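Contents: one structure, followed by commentary.
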Amino acid sequence: MALTFLSVPPFSPLPISLSSHPLSLKSHFPQFKPFPFLSLPFRTLRNPAAIAPDGKFYPTPADDDPPEAAEDSMHGVSKFQQIKRQAARARKLQEEQFKKDQSIFLNAIADVEDAPDNIGSVTSDDSGDDLFGEIDKAIALKRKEFVKQGLLKPNPKKVMGIPAEIAEGIEELEPEEVVDLEEISELQGLTVIPEDLDEEKPEKFENEVSDDLRNRELDNLSSFGIDFDSFGKTKARIVEPKFRMTLAELLDESKVVPLSVYGNLEVEITGIQHDSRVVEAGDLFVCCVGRKTDGHLYLSEADKRGAVAVVASKEVDIEETLGCKALVIVEDTNSVLPALAAAFYRYPSTNMSVIGITGTDGKTTTAYLIKSMYEAMGLRTGMLSTVAYYVHGDNKLESPNTLPDVVLVQKLMAKMVHNGTEAVVMDASSHGLALGGCSELDFDIAVFTNLRREHLDFHGLEEDYRDTKTKLFSRMVDPERHRKIVNIDDPEAAFFIAQGNPDVPVVTFAMENKNADIHSLKFELSLFETQVLVNTPQGILEISSGLLGRHNIYNILAAVAVGIAVGAPLEDIVRGIEEVDAVPGRCELIDEEQAFGVVVDHAHTPGALSRLLDFLRELGPKRIITVIGCAGESDRGKRPMMTKIATDKSDVTMLTADNPKNEDPLDILDDMLAGVGWTMQDYLKHGENDYYPPLPNGHRLFLHDIRRVAVRAAVAMGEEGDMVVVAGKGHETYQIEGDKKEFFDDREECREALQYVDELHQAGIDTSYLKVTDTQEC
């Protein structure tokens, strides 16, 4: 939808002043300046750490040593030396590339004739145009080098198709003979056309020949797997950077002071791992202590896989190992791992603008919106979320449907920097913040979406969960560079704003609170799009988005607030947001041309489920049929709450399993039934009579511990005008039962169920209240 600018009266509570440029932002906050990252060069890497005072591996400098010279911006290297080093690196890269593609180069010039010994005396008249003549000379000389090296066979120059050494013994041809040879050469390859063909047939014959040649060319191209739909579209080549560093350099750079060191500190490290299953040759293995296991128990496995050094918090014996050459003992391996990873990968977050998003709901969708908006501004933008990892643009990496750990996040960011990424949007989860996974990341912008009850099995108390989320905001300390983006409709907004430096500018957004800097003036919801008018200090934006629901308006407002905070042009803000049509597993419509709606969503908390069902009810469906489950070995307190919300806001509720892990699915369902005052015994008693009575509010409740059966039963119940909601997994493509992790995708199950239901309807079978037991054979 077209971008609309409307004049806005000055905000009385938040007076602003605009600069001469209509799109520039001059904040109403003290010291609020346009975001420097849009105009200033990237920050340089951090200075190397000082040598640790631990005399066991680096002695303390003597007191009588001369003072150190003041650090200069050139780091002791002149401009000419820098250029010389850059040229040497470029030559080295060129040589490595040549070795890699040597076979291609050799095949390309295999048929080129050898250069004459006196090639330097050949004039431009002998080689035609000056430019192409010089290129031919260069190719011939290069081929001559390959022949000397034995990489190619000699190919002496030919005269009229005869090798030069043979032609030397032949007498010079007469002029008439030369003409005859030229005529023969011109006639070679031509097709004789019969004289009895009329004038139209030669033209037809030529067309047939040309069509045949064209078809053969297309067949040849197709044999190479060329996609003609994408022909002409280029995709950036993602390069994998290589890092190496001695163990001594790593300890120095990371400022890690060990308790003791054994072995050779000059051993070269080519990677860092804390999972023994993914260790490769040359890696440093860090023995971290987890909630369920201890990395010290897997030292032998890491050694077999090629680990050359170990960081541990316990005394271990490396003399019996195969390749470990050094052991570093520290007080806490978990606390030093982020520093070691950041130092090894050269602190990549300092070379990009990093936007961190924290909160319970909306983080992934907001990340997609911000990424698209930054790219609309012409910036290469990466993303790290539970759904996908992107280097920049459409360059997607394989991801395990979870956030990267402390080592992987540094490695991915280093890959982004190496490939020219200028900004990265990251989901700052409570787990990552609690475990220190984000402690060595240099964030520029902190975004708070909302706070709901979640992950109490990990954090314990709601206050601990909230305090963990605020760690991101506590690092906003530089008013010139940092920004806080806060949803002030949330009750905890003031607590997040108070974190860090109070002088850091805050940009607020809201739907209900009209005092927010960014707030919605009007919105319209439908099954196909969301339209919203957004008020900003720069003017009113009219946005039409393919993201459905009231909850996505908050995500849109958060992205707009980030755009205003960095001084983005309003056109880019709107264009970037409108380009995001859908986010995987976030209110994702499953369309198989059925007469009712099917939505797959990641909502797995009471708040998220409640808002999702409220949004769907606003669309006016005849019935809402909801499939919901609760994960095993997690917050048991929310299980009855999820059932209560689902049965109150859905006409039919189907309880089922969702990653039960090592917990009995029936025990999980028993906890969930408490939300309606039932027990598993009550439900089974109804099943004996093959009748499940309605709930007091008239709604129906069914359950099945096999998720595939539950999903198909719910889809089978769908009739024209209904809305089937499969909640909990969203984008996830697995089901964890016991120690097994098997493929399972709610979206694929819904598509298969829709095909099955279509067959039932064609057979005239009424499936509006199809019993769960009737679907077990499908």
Side-chain angles (χ1 to χ4, degrees), residues 48-60 240-348 400 404-415 435-437 439-440:
I51 297 176
D54 193 332
K56 293 186 179 180
F57 72 102
Y58 268 103
T60 304
E240 190 74 37
K242 302 295 182 182
F243 294 88
R244 54 185 67 243
M245 181 184 297
T246 66
L247 182 57
E249 291 172 340
L250 179 59
L251 294 174
D252 183 40
E253 287 284 340
S254 63
K255 300 181 183 179
V256 171
V257 181
L259 299 177
S260 58
V261 177
Y262 306 94
N264 180 18
L265 285 177
E266 296 303 318
V267 62
E268 188 175 67
I269 305 298
T270 58
I272 296 180
Q273 293 295 346
H274 61 99
D275 185 345
S276 61
R277 296 169 295 183
V278 294
V279 168
E280 296 180 354
D283 283 352
L284 168 68
F285 179 60
V286 182
C287 302
C288 291
V289 180
R291 301 178 68 188
K292 295 183 178 180
T293 188
D294 188 342
H296 296 82
L297 302 176
Y298 304 97
L299 174 59
S300 60
E301 181 180 354
D303 173 56
K304 293 177 182 178
R305 292 180 179 271
V308 295
V310 178
V311 175
S313 57
K314 303 176 183 178
E315 293 290 342
V316 295
D317 186 9
I318 64 170
E319 293 183 358
E320 299 180 358
T321 60
L322 300 174
C324 288
K325 301 177 182 178
L327 170 65
V328 177
I329 302 297
V330 297
E331 184 175 351
D332 183 3
T333 51
N334 293 31
S335 63
V336 303
L337 180 61
L340 292 171
F344 182 78
Y345 290 108
R346 310 294 186 185
Y347 300 98
D405 59 39
V406 60
V407 176
L408 183 57
V409 70
Q410 296 289 349
K411 183 178 181 179
L412 292 174
M413 285 192 174
K415 188 172 186 176
L435 298 174
S439 60
E440 292 295 331

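Position 1 is the first residue of the sequence; numbering continues from there. Keep in mind that this is a model prediction, so the values were computed, not measured.
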query = Is there a side-chain contact (heavy atoms from CB on, under 4.5 Å) between Asp303 and Phe285 once you walk through the steps?
reply = CA-CA 9 Å; Asp303 173 56; Phe285 179 60; over 6 Å; no
query = Does anything in residues 325-336 pair up under salt bridge (charged side-chain N to carboxylate O under 4.0 Å, His left out), and if so which pairs, sequence neighbours excluded?
reply =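 Residue pairs passing salt bridge (charged side-chain N to carboxylate O under 4.0 Å, His left out), neighbours aside: none found.
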request  = Only pairs at least two apart or in different chains count here, so list each salt bridge (charged side-chain N to carboxylate O under 4.0 Å, His left out) that has a residue in residues 268-287.
outcome  = Arg244-Glu268, Asp275-Arg277
Pairing residues for Ala341 by the side chain to side chain contact (heavy atoms under 4.5 Å, CB included) criterion, not counting sequence neighbours = Val407, Gln410
inquiry  = Using the side chain to side chain contact (heavy atoms under 4.5 Å, CB included) criterion, which residues pair with Ser313? Sequence neighbours excluded.
reply    = His296, Thr333
ask   = Could you walk me through whether Leu265 and Thr246 pass the side-chain contact (heavy atoms from CB on, under 4.5 Å) check?
value = CA-CA 7 Å; Leu265 285 177; Thr246 66; over 6 Å; no
inquiry  = For Lys314, give me all partners under salt bridge (Lys or Arg N to Asp or Glu O under 4.0 Å), at least two apart in sequence or on another chain.
reply    = Asp294
Residues which pass salt bridge (Lys or Arg N to Asp or Glu O under 4.0 Å) with Lys415, listed by chain and number, not counting sequence neighbours = Glu240
query = Do the non-hydrogen side-chain atoms of Ile329 and Pro258 ever get within less than 4.5 Å of each other?
reply = no
Check: Val308 and Ile269 side chains under 4.5 Å, non-hydrogen atoms = yes
Where do [X] and [Y] come nearest, in terms of heavy atoms and distance?
| X | Y | result |
| --- | --- | --- |
| Ala414 | Phe243 | CB-CZ, 3.7 Å |
| Ala339 | Ser254 | O-CB, 3.5 Å |
| Pro338 | Ser439 | CB-OG, 3.5 Å |
| Val267 | Ala309 | CG1-CB, 4.3 Å |
| Cys324 | Ala307 | SG-O, 3.5 Å |

inquiry  = So if I apply the side chain to side chain contact (heavy atoms under 4.5 Å, CB included) rule between Val328 and each of Val310, Val286, Val311, Leu250, which one comes out positive?
reply    = Val311
key: CA sep, side-chain torsions, deciding dist, call: Glu315, Tyr262, side-chain contact (heavy atoms from CB on, under 4.5 Å)   = CA-CA 11 Å; Glu315 293 290 342; Tyr262 306 94; 3.8 Å; yes
Working to the nearest 0.5 Å, report the span between [atom1] of [X] and [atom2] of [Y].
| X | Y | atom1 | atom2 | answer |
| --- | --- | --- | --- | --- |
| Leu408 | His274 | CG | NE2 | 8.5 Å |
| Met245 | Leu284 | CE | CG | 11.0 Å |
| Gln273 | Cys288 | CD | SG | 11.0 Å |
| Leu340 | Glu253 | CG | CD | 11.5 Å |
| Tyr345 | Met413 | OH | CE | 13.5 Å |

